[in-house]
Peer 1: 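One structure, pasted below without further comment.
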Amino acid sequence: MRHNGIILAIDGPTASGKSTTAREVAKRLSYIHINTGAMYRAFALYASEWGVTSPDDPLVGELSEKAYIDFDEGGNILLEGRDVSKDIQAPAIAQLASELATLPIVREKMVAMQQEIGKNGGVVLDGRDIGTVVFPDAELKIFLIANAKTRAERRRAELASNGTNLPLEELTREIEERDRRDAEREHSPLKKASDAVELDTSKLTFEQQVEKVVNLAKKVTG
Ligand code: DC
């Protein structure tokens, strides 16, 4: 075991419930939660503020060196010190994040930050490549899946709670497009680690999925 506890890696496709599950599991274990998707989104927001609209923009490399991304004590994502949790929910930022996340220069920077924050354990990280690339030696790896319709419905409810209403068909299309890009990209594609526990959350309530992950974690920590 590491200094502060285990590393719990939760990977899975877009809107599979990773972040909400990871946040609640971290709370119940008194662990830190690192939402790595929020880091890629915060970087996309930063890049968009510099006028970047595509991964081909030569400015991206320089910006990945400059961007200062962090979390506050409440787990909110900070970009240059300001809380951008709401701004990064915009679908356009999610798309740009998925595109910029295909670039090794961006991934290297994010992965190094994640390894630094998580190395002492006592942490739940959620993302796409936590169990395969960021912490291949994580003590517990979970791979969350859910069918596309369930995921689109969850994303619609999440956006609606922030005051954005989008049709289900548009969200399903967006989710399928991101799934494709995340799984087909050359560098660190979304992939289940061979030693990950797969959990299909399509038919589970939130409480059930949280309990399953907490119980698995308790088995590891003893
Ligand atoms: O989990 P999310 O939808 O907030 O992530 C936004 C994008 O960031 C996603 O489309 C792919 C990318 N991402 C990644 O490549 N690696 C991670 N560990 C987390 C997210």
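Indexing begins at 1, ligand by ligand and atom by atom, following the structure's order.
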Peer 1: Between S98 and ligand 1, which part of the residue brings a heavy atom under 4.0 Å of the ligand: side chain, backbone, both or neither?
Peer 2: both
Peer 1: Taking atom types as modelled and ignoring hydrogens, do the side chains of H33 and D126 form a donor-acceptor contact shorter than 3.5 angstrom?
Peer 2: yes
Peer 1: Can you confirm whether the side chains of R128 and T14 place a donor and an acceptor under 3.5 Å from each other?
Peer 2: yes
Peer 1: Quick one: nearest non-hydrogen protein atom to atom 19 (C) of ligand 1, plus distance?
Peer 2: T36 OG1, 3.4 Å
Peer 1: Counting non-hydrogen protein atoms only, what is the nearest one to atom 1 (O) of ligand 1? Give residue, atom name and distance.
Peer 2: R128 NH1, 2.8 Å
Peer 1: What protein heavy atom is closest to atom 8 (O) of ligand 1, reported as residue, atom name and distance in Å?
Peer 2: Y40 CB, 3.5 Å
Peer 1: Taking atom CD of E186 as the centre, report whether more than 12 heavy atoms of other residues, nucleotides or ligands fall under 6.0 Å from it.
Peer 2: no
Peer 1: Starting from atom 4 (O) of ligand 1, what is the nearest protein heavy atom, named by residue and atom, and what distance separates them?
Peer 2: R41 NE, 2.6 Å
Peer 1: I'd like the name of whichever of K18, H187, R185 reaches closest to atom 15 (O) of ligand 1 through any heavy atom.
Peer 2: R185
Peer 1: Suppose I only count heavy atoms of G127 and a 4.0 Å limit; which atoms of ligand 1 are within that range?
Peer 2: 18 (N), 19 (C)
Peer 1: Quiz question: by atom type and distance under 3.5 Å, do the side chains of S98 and R181 form a donor-acceptor pair?
Peer 2: yes
Peer 1: Any idea which protein heavy atom is nearest atom 10 (O) of ligand 1, and the distance to it?
Peer 2: R178 NH1, 2.9 Å
Peer 1: Just by modelled atom types, is the G74 backbone N or O under 3.5 Å from a matching donor or acceptor in the D72 side chain?
Peer 2: yes
Peer 1: Evaluate the salt bridge (charged side-chain N to carboxylate O under 4.0 Å, His left out) criterion for residues E198 and K192: first the C-alpha distance (whole Å), next the side-chain angles of each, then the deciding distance (0.1 Å), finally the verdict.
Peer 2: CA-CA 8 Å; E198 184 171 293; K192 180 182 152 194; 3.7 Å; yes
Peer 1: Atom 18 (N) of ligand 1: which protein heavy atom is closest, and how many Å away?
Peer 2: D129 OD1, 2.8 Å
Peer 1: Among all the protein's non-hydrogen atoms, which is closest to atom 12 (C) of ligand 1, and how far away is it?
Peer 2: A101 CB, 3.7 Å
Peer 1: I need the contact type for R181 against ligand 1. Using non-hydrogen atoms and a strict under-4.0 Å cut-off, is it side chain, backbone, both or neither?
Peer 2: neither
Peer 1: Look only at interatomic distance and state if R107 has a nitrogen or oxygen under 3.5 Å from any nitrogen or oxygen of ligand 1.
Peer 2: yes
Peer 1: Is a donor from one side chain sitting under 3.5 angstrom from an acceptor on the other, for D11 and T132?
Peer 2: no
Peer 1: If the test is side-chain contact (heavy atoms from CB on, under 4.5 Å), which one of V25, I6, L125 qualifies with Y31?
Peer 2: I6
